[in-house]
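Throughout, numbering of the chain's residues begins at 1 and tracks the sequence. Everything numeric here is computed off the predicted structure, so don't read it as measured data.
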Amino acid sequence: MGHTATQQAGSGGLTATEHRLANGLRVVLSEDHLTPVAAVCLWYDVGSRHEVKGRTGLAHLFEHLMFQGSKQVPGNGHFELVQGAGGSLNGTTSFERTNYFETMPTHQVELALWLEADRMGSLLSALDEESMENQRDVVKNERRQRYDNVPYGTAFERLTAMVYPEGHPYHHTPIGSMADLDAASLEDARQFFRTYYAPNNAVLAVVGDIDPEQTLAWVEKYFGSIPAHDGKPTPRDGALPDIIGAQLREEVREEVPARALMAAYRLPHDGTREADAADLALTVLGGGESSRLHNRLVRRDRTAVAAGFGLLRLAGAPSLGWLDVKTSGGVEVPAIEAAVDEELARFAAEGPSPEEMERAQAQLEREWLDRLATVGGRADELCRYAVLFGDPQLALSAVGRVLDITADEVRAVAAARLRPDNRAVLVYEPIEAADNGESDEGAQPTQPTDVVRAAPAAPAADAADAATEDNDEGAGR
């Protein structure tokens with residue numbers, strides 16, 4: 001085992017060290033004895049952007065298969081062992097990665113490491129047609145429940161397909177299509193595992209109340225004998241022009257509780273100053289009840305019940321600015337759109353005020369520190385920066401980079417990117433729930449709170465949720 005990084009001071013005094021096993025597994029440790037718990041987080045460098053046409057959804061399907069048993073832990077044993085030891089666990093899939101994580105009492109960290117190593121090294125011996133069919137049905141049902149059969153459920157999928165053109169690796173979302181899920185074979189799943197689930201394609205972070213020397217010994221013991229695999233294909237290029245070049249537009253008539261205006265903008269790649277500036281711009285414009293769009297549409301004009309704007313950060317393609325406005329009463333979408341464009345144009349010309357800048361930076365600083373404050377959140381961020389940017393230490397200095405952005409940079413990115421010719425627009429017009437003569441306005445008061453949320457920042461969370469599929473079926477077992 002070689003040490004490739006030394007301990008460095010990080011945000012709030014947090015530290016991390018990086019190590020590498022002979023088989024290529026990168027190991028990041030962050031020692032914190034505040035509470036007697038520790039998080040084990042394993043990121044594999046594979047997500048929906050690595051999928052090929054006709055096999056969309058395979059990365060997410062395989063995440064589910066990883067909970068179906070391995071050589072030493074059959075069936076539902078992974079959940080039973082972790083939960084029986086007082087821990088919690090799950091896994092998620094996004095455009096750019098798949099991760100698995102456990103939070104354990106300190107004395108059970110070895111168990112979590114053994115479980116992750118067992119399925120990394122031996123899942124193929126337990127993967128069979130029965131597991132494949134079981135989880136295929138689970139994922140298809142998840143798609144029905146979260147996308148196809150809920151109001152506005154396919155909005156993110158539609159906008160993603162518009163912003164990232166046909167053939168682009170981000171054109172489809174991690175959930176995949178029903179047809180492709182049906183087409184996936186057991187051999188497809190096995191080949192997917194051989195290609196991507198190898199130690200040299202993964203980063204393991206262990207954070208919390210740990211003994212680093214003992215933890216490294218366990219990692220070597222359980223992961224060290226798993227062979228590397230060098231057959232991973234080069235990911236397809238996700239580069240696109242900064243500006244779409246024309247406004248793309250689609251109207252959807254569905255049984256939704258209210259009219260809605262949604263839009264997606266191409267924004268700078270994650271890991272750049274421009275992305276941090278864009279995050280601040282969207283926070284000022286639509287991040288909470290003090291934001292400009294909320295004040296204009298919800299408080300002043302009373303034309304909307306919710307208005308938010310948030311950033312979905314992406315490293316391998318342009319990030320996505322996600323606007324979501326739900327109308328109130330009989331307000332028509334053109335009135336909402338005109339007000340939004342007026343606010344965006346004013347912001348592009350003037351930029352944020354000193355008070356708005358201070359508030360937005362404080363909001364993002366708090367969100368970053370909240371993630372770093374928990375062992376699970378810190379482990380995830382260390383893995384993220386190691387996989388996507390090559391350096392886990394960047395996670396500990398992210399707050400400082402956000403606070404270093406100037407108001408001029410925020411105004412500049414808004415002027416350059418938040419333009420009508422750089423967005424895909426989705427307009428929802430309600431139709432009658434049944435042929436009973438009800439009007440759109442008459443149906444509106446029954447709108448469910450989980451669709452039209454009170455929190456204006458929900459659109460960004462909605463986009464993040466849609467871009468990250470978790471193993472919710474397994475977590476509830």
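A cation-pi arrangement, defined by a distance under 6.0 Å to the six-membered ring centre and an angle within 45 degrees of its axis, is present between R119 and Y100. For the pair K326 and Y152, the distance from NZ or CZ to the six-membered ring centre is under 6.0 Å and the angle to the ring normal is within 45 degrees.
Within the 4.5 Å cutoff, no side-chain heavy atoms of Q68 are placed close to those of N76. For the pair T468/P174, no side-chain contact is recorded, criterion being any heavy-atom separation below 4.5 Å from C-beta on. The shortest side-chain heavy-atom distance between F156 and M262 does not fall under the 4.5 Å cut-off. Residues E166 and K53 meet the side-chain proximity criterion, which asks for heavy atoms closer than 4.5 Å. The side-chain heavy atoms of F309 and L344, taken from C-beta on, include a pair separated by under 4.5 Å. Taking 4.5 Å as the limit, some side-chain heavy atom of F79 sits within range of a side-chain heavy atom of L89. Under the 4.5 Å side-chain criterion, counting only non-hydrogen atoms from C-beta, Q135 is in contact with L61. The side-chain heavy atoms of L311 and L267, taken from C-beta on, include a pair separated by under 4.5 Å.
Side chain to side chain, R417 and Y265 fail the donor-acceptor criterion of an N or O pair below 3.5 Å. With hydrogens and angles left out, the side-chain atoms of R359 and S290 include a donor and acceptor closer than 3.5 Å. A donor-acceptor contact closer than 3.5 angstrom is absent between the side chains of E142 and Y147. No side-chain donor from either of D270 and S319 sits under 3.5 Å from a side-chain acceptor of the other. Defined by atom type and a distance below 3.5 Å, a donor-acceptor pair is present between the side-chain atoms of D188 and S185. Side-chain atoms of T195 and Q191 include a donor-acceptor pair closer than 3.5 Å. Side chains of T374 and R378: a donor-acceptor N/O pair is absent below 3.5 angstrom, by distance only.
One finds the CD1 atom of I336 at 9.5 Å from the CZ atom of R296 (value rounded to the nearest 0.5 Å). Expressed to the nearest 0.5 Å, how far CG of N99 lies from OG1 of T93 amounts to 7.5 Å. Separating the OG atom in S328 from the CZ atom in R259 is a distance of 10.5 Å, to the nearest 0.5 Å. Summarising the geometry, atom CD belonging to E63 is positioned 10.0 Å from atom OG belonging to S94; distances are rounded to the nearest 0.5 Å. Rounded to the nearest 0.5 Å, atoms CD (E332) and CG (L261) are 12.5 Å apart. To the nearest 0.5 Å, atoms CZ (R423) and CG (L248) are separated by 10.5 Å.
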Side chain to side chain donor-acceptor pair (under 3.5 Å) for D180 and T56? Distances and angles first, verdict last. CA-CA 6 Å; D180 288 355; T56 65; 2.6 Å; yes

Check the pair H172, Y164 against side-chain contact (heavy atoms from CB on, under 4.5 Å), reporting the backbone distance first and the verdict last. CA-CA 8 Å; H172 67 278; Y164 306 106; over 6 Å; no

Report the C-alpha distance between V305 and T327 in whole Å, list the side-chain angles of each, state the deciding distance to 0.1 Å, and finish with yes or no for side-chain contact (heavy atoms from CB on, under 4.5 Å). CA-CA 6 Å; V305 295; T327 68; over 6 Å; no

Quick one, R273 with E409, criterion salt bridge (Lys or Arg N to Asp or Glu O under 4.0 Å). Give me CA distance, side-chain angles, the key distance, then yes/no. CA-CA 9 Å; R273 286 185 66 91; E409 289 176 287; 2.8 Å; yes

Begin from the C-alpha positions of T160 and E157 and carry the test side chain to side chain donor-acceptor pair (under 3.5 Å) through to its verdict. CA-CA 5 Å; T160 298; E157 190 173 44; over 6 Å; no

Under the ring pair (Phe, Tyr, Trp, His ring centres under 6.0 Å) criterion, do Y197 and F62 qualify, and how do the steps go? CA-CA 10 Å; Y197 279 74; F62 201 88; 4.9 Å; yes

If you apply the rule side-chain contact (heavy atoms from CB on, under 4.5 Å), what do you find for Q145 with V150, and how did you get there? CA-CA 7 Å; Q145 291 178 338; V150 296; 6.0 Å; no

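Minimum heavy-atom separation, L159 to L426: CD2-CB, 3.9 Å. Here the closest non-hydrogen pair linking A416 and I243 is O-CD1, 3.2 Å. For G321 against L282, the heavy-atom pair with the smallest separation is CA-CD1, 3.8 Å. Closest heavy-atom contact between R143 and G176: NH1-O, 2.8 Å. When all heavy atoms of V256 and E429 are compared, the closest pair comes out as CG2-C, 4.4 Å.
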Only pairs under 3.5 Å count here: list side-chain donor-acceptor contacts from residues 40-50, not counting sequence neighbours, and write none if there are none.
{"from": "W43", "atom 1": "NE1", "to": "D380", "atom 2": "OD1", "distance (Å)": "2.8"}
{"from": "D45", "atom 1": "OD2", "to": "K232", "atom 2": "NZ", "distance (Å)": "2.8"}
{"from": "H50", "atom 1": "ND1", "to": "G47", "atom 2": "N", "distance (Å)": "3.0"}

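Between E337 and R249 there is a salt bridge, with a side-chain nitrogen of the basic residue lying less than 4.0 Å from a carboxylate oxygen of the acidic one. The pair E18-R26 counts as a salt bridge, with a side-chain nitrogen and a carboxylate oxygen less than 4.0 angstrom apart.
More than 12 heavy atoms of other residues, nucleotides or ligands shown are found within 6.0 angstrom of CZ on R346. Other residues, nucleotides and ligands place more than 12 heavy atoms under 6.0 Å from the CD atom of E133.
In this pair, F67 and H78 present their aromatic rings perpendicular. The plane angle is above 60°, beyond the 30 to 60° band. Ring orientation note: the planes of F389 and Y385 are tilted relative to one another, at an angle of 30° to 60°.
The list of salt bridge (Lys or Arg N to Asp or Glu O under 4.0 Å) pairs with a residue in residues 274-283, not counting sequence neighbours, reads D276-R313, D279-R313.
Between the side chain of E51 and the backbone N or O of L58 there is at least one donor-acceptor pair closer than 3.5 Å.
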